[in-house]
Amino acid sequence: MKIDLSTLVTESRNPDSENIDTLSTLEMLKVINAEDKKVAFAVERVLPQVAEAVDAISAAFTHEGRLIYCGAGTSGRLGILDASECPPTYGTPREQVIGLIAGGHTAILQAVENAEDNSAQGEQDLRDLNFNANDVLVGIAASGRTPYVMGAMRYARAQGATVIALTCNQNSEMSQLADIAIEPVVGGEVVTGSSRMKAATAQKLVLNMLSTGAMIRIGKVYGNLMVDVEATNAKLAQRQINIVMQATTCNHQRASEALNACGHHCKTAIVMVLANLSATEASAILKHNNGFIRAVLSGTGRQSDGEN
């Protein structure tokens with residue numbers, strides 16, 4: 001089947017890099033760097049759509065819904081990367097944010113031929129997750145036309161779920177299927193068609209915003225501190241101590257004692273110190289306030305130094 005890619009911005013030839021193979025190494029890298037600088041501005045132009053998506057995702061989380069990323073190739077890997085970072089960073093259940101990639105786990109490390117052309121598999125992968133109307137699907141594809149992703153998007157729409165498209169071409173087929181279309185158009189790549197470069201960087205920036213923004217909205221961040229971080233290694237155990245100290249201005253010993261008393265749960269330790277509560281009391285009041293530290297402290301009349 002013949003596919004016409006001529007209308008896709010991501011497949012266009014970049015006039016600023018047409019002679020890149022004749023340049024010195026430093027000059028070559030300057031061209032790449034100059035193109036990369038354009039990416040953040042492209043993302044800036046779609047911030048209203050990103051904000052709409054963040055609100056939809058955080059609303060889903062409050063109703064026990066999930067965030068499902070779906071992509072092929074680099075786009076799929078980026079979704080998996082973002083999903084895999086949520087549990088250690090924010091203490092989320094591993095099933096709350098999930099990344100799907102055309103071709104399955106094998107495709108994470110190497111290309112799986114023709115997997116992205118299988119629209120039926122996109123639907124089946126969502127069926128296998130028991131995808132439902134409470135969930136949110138983010139379809140990711142630089143081109144905006146990947147059949148695997150579109151198959152998943154059509155199924156998600158049929159279930160009544162919120163569907164988001166993240167593409168680097170305007171008015172794509174995927175955008176037409178979406179409730180929210182996020183389209184950071186970064187222009188032609190330094191190497192024509194190599195969408196793992198600027199397009200992928202734009203996708204990564206947006207995915208960072210989607211997950212981080214949603215986690216902030218549901219109370220996983222206090223100030224700018226990741227107060228649900230899990231201590232899965234020595235570095236993160238020390239980070240927990242630092243977070244409690246920064247949030248409360250207490251000393252190292254007090255932070256350690258509080259964390260030990262509450263099973264190394266940052267939020268609980270912070271409330272213990274600031275509100276002078278036991279671990280049991282702090283845990284209960286946090287649960288009553290849906291895990292929002294600020295709500296707890298406003299109710300007890302306590303705030304840490306420098307916090308609003």
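No experiment lies behind these values; they were computed from the predicted model shown.
- The CZ atom of Phe41 sits 9.0 Å away from the CZ atom of Arg45 when rounded to the nearest 0.5 Å.
- Cluster membership for Val138 and Ile98, using ILVMFWY side-chain heavy atoms within less than 4.5 angstrom, is not shared.
- Atoms CG and CD1, from Leu100 and Ile68 in turn, are 6.5 Å apart once rounded to the nearest 0.5 Å.
- The shortest side-chain heavy-atom distance between Pro184 and Cys168 falls under the 4.5 Å cut-off.
- Inspection of the Asp117 and Tyr148 side chains reveals no N or O donor paired with an N or O acceptor under 3.5 Å.
- Asn169 places no side-chain N or O within 3.5 Å of a backbone atom of Gly144 that could act as its donor or acceptor partner.
- With hydrophobic clusters built from ILVMFWY side chains whose heavy atoms lie under 4.5 angstrom apart, Leu23 shares a cluster with Met197.
- Between Val244 and Cys266 there is a side-chain heavy-atom pair separated by less than 4.5 Å.
- Between atom CD1 of residue Ile20 and atom NZ of residue Lys30 there is a gap of 13.0 Å, rounded to the nearest 0.5 Å.
- For the pairing with Ile243, the side chain to side chain contact (heavy atoms under 4.5 Å, CB included) check across Arg239, Gln240, Met245 returns one residue only, Arg239.
- The hydrophobic clustering, which links ILVMFWY residues whose side-chain heavy atoms are closer than 4.5 Å, places Leu205 and Val190 apart.
- Judged purely by distance below 3.5 Å, without hydrogens or angles, the side chains of Asn242 and Gln238 pair a donor atom with an acceptor atom.
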Inset, instruction - Start with the C-alpha distance between Ile182 and Glu52, add both sets of side-chain angles, then the distance that settles side chain to side chain contact (heavy atoms under 4.5 Å, CB included), and finish with yes or no. - result: CA-CA 10 Å; Ile182 303 172; Glu52 188 179 355; over 6 Å; no
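- Looking at every heavy atom in both residues, Ala258 comes nearest to Met272 through O-SD, 3.8 Å.
- We find the CG-OG1 distance between Asn19 and Thr22 to be 5.0 Å, quoted to the nearest 0.5 Å.
- Side chain to side chain, Thr162 and Asp179 fail the donor-acceptor criterion of an N or O pair below 3.5 Å.
- For Asp128 and Gln124, the side-chain atoms include at least one donor-acceptor pair closer than 3.5 Å.
- Looking at Glu173 and Met150, their side chains come closer than 4.5 Å, going by heavy atoms from C-beta outward.
- Salt bridge Lys198/Glu35: present, at least one basic N to carboxylate O contact under 4.0 Å.
- Summarising the geometry of Gly73 relative to Ile101, their closest heavy-atom pair is O-CD1, 3.7 Å, with the distance given to 0.1 Å.
- Within the 4.5 Å cutoff, the side chain of Ile140 has heavy atoms near those of the Tyr69 side chain.
- With 3.5 Å as the limit, one finds a donor-acceptor pair spanning the side chains of Glu183 and Ser175.
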Legend entry - side chain to side chain contact (heavy atoms under 4.5 Å, CB included) between Met215 and Thr92, intermediate numbers included: CA-CA 9 Å; Met215 295 301 168; Thr92 60; 3.4 Å; yes
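- Both Leu259 and Ile285 belong to a common hydrophobic cluster when Ile, Leu, Val, Met, Phe, Trp and Tyr are linked at side-chain heavy-atom distances under 4.5 angstrom.
- Between Glu281 and Ser278, the side chains place a donor N or O and an acceptor N or O closer than 3.5 Å (distance only, hydrogens not considered).
- A distance of 12.5 Å separates CG in Asn118 from OG1 in Thr146, rounded to the nearest 0.5 Å.
- No continuous path of ILVMFWY side-chain contacts below 4.5 Å connects Leu47 to Val185, so the two sit in separate hydrophobic clusters.
- Listed by first and then second residue, the salt bridge (Lys or Arg N to Asp or Glu O under 4.0 Å) pairs involving residues 203-220 are Lys220-Asp228 (not counting sequence neighbours).
- Of the options Asp135, Asn130, Asn134, a side chain to side chain donor-acceptor pair (under 3.5 Å) to Arg66 is made by Asp135 and by none of the others.
- To the nearest 0.5 Å, atom CG of residue Leu207 and atom CD of residue Gln203 are 7.0 Å apart.
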Inset, instruction - Go through Gln96 and Cys86 one step at a time and tell me if the side chain to side chain contact (heavy atoms under 4.5 Å, CB included) criterion holds. - result: CA-CA 9 Å; Gln96 187 173 37; Cys86 289; over 6 Å; no
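- A 4.5 Å side-chain heavy-atom check between Val273 and Arg254 finds at least one atom pair inside the cut-off.
- In this model, no donor atom of one side chain and acceptor atom of the other lie less than 3.5 Å apart for Thr280 and Ser283.
- For the pair Val163 and Leu177, the minimum side-chain heavy-atom distance is 4.5 Å or more.
- Residues Tyr90 and Ile216 are not in side-chain contact: their nearest non-hydrogen atoms beyond the backbone lie 4.5 Å or more apart.
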Inset, instruction - Apply side chain to side chain contact (heavy atoms under 4.5 Å, CB included) to Ser298 and Phe292, showing your working. - result: CA-CA 10 Å; Ser298 64; Phe292 284 86; over 6 Å; no
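- With respect to Lys38 and Asp16, a salt bridge is recorded, a charged nitrogen being found less than 4.0 Å from a carboxylate O.
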